[in-house]
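See below for the structure under consideration.
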Amino acid sequence: MWNNRPIIIRIKRHENVHPFIQALHVQHVPLKRVVFREQEVTFETTMHYLPKIRRVRRHFRLKMAVYYADELQVFRAQLWTLLGLAMMIAIPLLCAQVIWRVDIEAASPELEQRVGNTFQETFQLETPMSKKILPSDAVIRQKLLEAHRDLSWVHIEKHGGRVILRPQESPKQTKITNEKLASHLVATKSGVITHFNIQNGERKISVNDTAYEGDVLVSGVIESGTDQVFVGAKGEVYADYWLECSFKIPTKITLETLQQKQWRVLVKGIHQEKIDYVQKKDLPNWLDPYVSIVEEQNTKKMQVELDKSKVDSLLLPLLHEKVIRSLPAKTVIKKENLLQVKWGNGTVEGKVLFLVNENIANPIQGQQGE
């Protein structure tokens, strides 16, 4: 008996049910828990006898349904289950003893090519190969450092059946060049100063002071007695200011949302469509031309109708995102106030006031000591 998995058989009540069960006894089919109900008859047996039961059932022309009796069991003590479990344990153990790929990851493609050629010419290894064939980390590092004097170290990482060599170049001496610094940082717009991020220069205004357009925020000239020393001005000065914007948008809008990421297996020759993926799994060289495992993220479009109940949850966030995209990098919108809103003719229009925190410093060039 190769398959002793228990099954439950249900048969609709019929005049041929009793002869059918007697025929099964004649065929030496073991039946357990035989139950006669008003609409059906159920009994238990094993998968080994199912072909014989089906032949007898066809003879009596009965309708039969088959269910597994052990659907809720996590582990089934069957021969094929045990063989599959043994293979599931053995295959990873065997594959772990094999090097499938040796990759070079360097700061530039040229360095990767040079180190890869040296590694191949020196050790002459072909993947896949046994881990016992691979030289020790010390030997690999020594040979590569001897061949490439411009390297300071070679990092060697091993992840399962993959070996990664990361050559690190020695620091190169470069000539120090004097960066042309601005004479002053002046305000491009009016606002209340919140904080500074200054590398060079002298502050001419303090936090919580109001700066007006054209005011000098940071001076690149420091006075020392009767002398003036040019040190240059460099940095950022952030200020809060109110920005009023008018808007007019349709009440019916289409939103596109990102869906949950999912992994997908693509087989060459079967999946012909082009897939836009987020990332791709590294596979062995012998498997990569045929199979790809990619992580994709689809988008979902949905149409939403704006109404008064969605002002805070949808309208203001949309206006916030639109305005922040039009402002410089590192700009923050701290607060938004809806001044007025009007609905009609399939559109919504009005005005909104944003409290913006932005770098208002603009460098201006001039003569040293000016």
Side-chain angles (χ1 to χ4, degrees), residues 185-198 203-218 235-264 271 273-280 294-364:
L185 297 180
V186 298
T188 57
K189 56 190 66 176
S190 302
V192 178
I193 304 300
T194 59
H195 60 283
F196 292 83
N197 182 16
I198 302 300
R203 298 182 186 180
K204 292 297 183 180
I205 196 170
S206 302
V207 175
N208 295 328
D209 287 348
T210 300
Y212 297 94
E213 183 179 355
D215 287 352
V216 176
L217 304 175
V218 179
E236 300 168 333
V237 181
Y238 289 87
D240 287 345
Y241 66 91
W242 289 98
L243 177 64
E244 182 179 314
C245 299
S246 300
F247 65 90
K248 182 178 181 180
I249 58 176
T251 54
K252 291 184 178 180
I253 59 176
T254 301
L255 299 179
E256 189 172 1
T257 59
L258 295 175
Q259 302 299 301
Q260 186 176 7
K261 296 180 182 178
Q262 59 183 359
W263 289 98
R264 185 175 178 185
H271 301 90
E273 69 273 16
K274 186 177 179 181
I275 303 296
D276 294 329
Y277 56 85
V278 180
Q279 59 175 322
K280 181 179 179 182
V294 299
E295 184 183 28
E296 60 179 353
Q297 186 175 43
N298 297 321
T299 58
K300 181 181 179 181
K301 291 184 178 181
M302 55 184 299
Q303 194 174 51
V304 179
E305 185 170 357
L306 292 173
D307 52 35
K308 295 181 180 180
S309 63
K310 296 185 176 67
V311 171
D312 293 331
S313 62
L314 187 57
L315 178 60
L316 285 179
L318 287 176
L319 297 174
H320 179 108
E321 185 66 22
K322 181 179 179 181
V323 172
I324 198 69
R325 288 173 178 244
S326 64
L327 296 173
K330 300 183 180 180
T331 301
V332 177
I333 295 180
K334 294 183 174 181
K335 186 178 180 182
E336 52 263 344
N337 292 330
L338 192 61
L339 299 181
Q340 62 182 37
V341 61
K342 180 181 178 182
W343 306 82
N345 298 325
T347 61
V348 54
E349 58 181 315
K351 293 183 179 181
V352 62
L353 194 63
F354 294 97
L355 179 59
V356 180
N357 184 258
E358 180 185 334
N359 173 29
I360 64 171
N362 181 44
I364 60 172

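Just so we're clear, the structure is a prediction, and the values are computed from it rather than from any experiment.
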If the condition is salt bridge (charged side-chain N to carboxylate O under 4.0 Å, His left out), which residues does Lys301 pass it with, not counting sequence neighbours? none
Applying side chain to side chain contact (heavy atoms under 4.5 Å, CB included) to Ala361 and not counting sequence neighbours gives Leu185, Leu217, Val237, Asn359
Are any of the side-chain heavy atoms of Val311 and Val341 separated by less than 4.5 Å? no
So, using salt bridge (charged side-chain N to carboxylate O under 4.0 Å, His left out) as the criterion, who are the partners of Lys310 when residues are at least two apart? Asp307
Decide side chain to side chain contact (heavy atoms under 4.5 Å, CB included) for Ile205 and Arg203; before the verdict, give the C-alpha distance in whole Å, the side-chain angles of both, and the deciding distance to 0.1 Å. CA-CA 6 Å; Ile205 196 170; Arg203 298 182 186 180; 5.9 Å; no
Considering all heavy atoms of both residues, which atom of Gly191 and which atom of Tyr241 are nearest to each other, and what is their separation? CA-CB, 4.2 Å
Quick one: does Leu306's side chain get under 4.5 Å of Ile249's, heavy atoms only? yes
Contacts of type salt bridge (charged side-chain N to carboxylate O under 4.0 Å, His left out), residue Lys322, not counting sequence neighbours: none
Checking Leu318 now: which residues fulfil side chain to side chain contact (heavy atoms under 4.5 Å, CB included) with it, not counting sequence neighbours? Ile253, Leu255, Leu314
Would you please name every residue forming a side chain to side chain donor-acceptor pair (under 3.5 Å) with Glu321, sequence neighbours left out? Arg325
Taken in chain and number order and not counting sequence neighbours, the residues that satisfy side chain to side chain contact (heavy atoms under 4.5 Å, CB included) with Lys308 are Trp343
When you measure from the side chain of Thr210 to the backbone N and O of Val192, does any donor-acceptor pair fall under 3.5 Å? no
Spacing of Lys189 atom NZ and Asp215 atom CG [to the nearest 0.5 Å]: 15.0 Å
Which value, rounded to the nearest 0.5 Å, describes the distance between Leu319 atom CG and Phe354 atom CZ? 5.5 Å
Find out whether Leu327 and Val356 are in side-chain contact, i.e. whether some heavy atom of one side chain is under 4.5 Å from a heavy atom of the other. yes
The salt bridge (charged side-chain N to carboxylate O under 4.0 Å, His left out) partners of Glu236 (sequence neighbours excluded) come to Lys330
Identify, with sequence neighbours excluded, every residue that meets ring pair (Phe, Tyr, Trp, His ring centres under 6.0 Å) alongside Tyr238. His195
Who passes side chain to side chain donor-acceptor pair (under 3.5 Å) against Ser326, sequence neighbours left out? none
Straight-line distance of Lys335 NZ to Leu353 CG, nearest 0.5 Å: 9.5 Å
Between Thr188 (side chain) and Ile360 (backbone), is there a donor-acceptor pair under 3.5 Å? yes
State which residue, out of Val323, Thr347, Leu338, fulfils the side chain to side chain contact (heavy atoms under 4.5 Å, CB included) condition with Phe247. Leu338
What I'd like to find out is whether the side chain of Val352 reaches to under 4.5 Å of the side chain of Leu316, using heavy atoms alone. yes
I need the minimum non-hydrogen distance between Ser313 and Pro317, along with the two atoms involved. O-CG, 3.5 Å
Testing the basics here: between Ser206 and Phe196, what is the closest heavy-atom pair and its distance to 0.1 Å? C-CE1, 4.3 Å
Once you round to the nearest 0.5 Å, how far does CH2 of Trp242 lie from CD of Glu336? 9.5 Å
Distance col, row Leu339:CG vs Cys245:SG, nearest 0.5 angstrom, shows 10.0 Å
In short, Ala211 meets Ile193 closest at the heavy-atom pair CB-CD1, 3.9 Å
Qualifying residues under side chain to side chain contact (heavy atoms under 4.5 Å, CB included), relative to Gln340, sequence neighbours excluded: Lys351
Taking the side chain as everything from C-beta on, heavy atoms only, tell me whether Glu358 gets closer than 4.5 Å to Pro328. yes
Under the side chain to side chain donor-acceptor pair (under 3.5 Å) test, residues paired with Lys334 that sit two or more places apart: Asp240
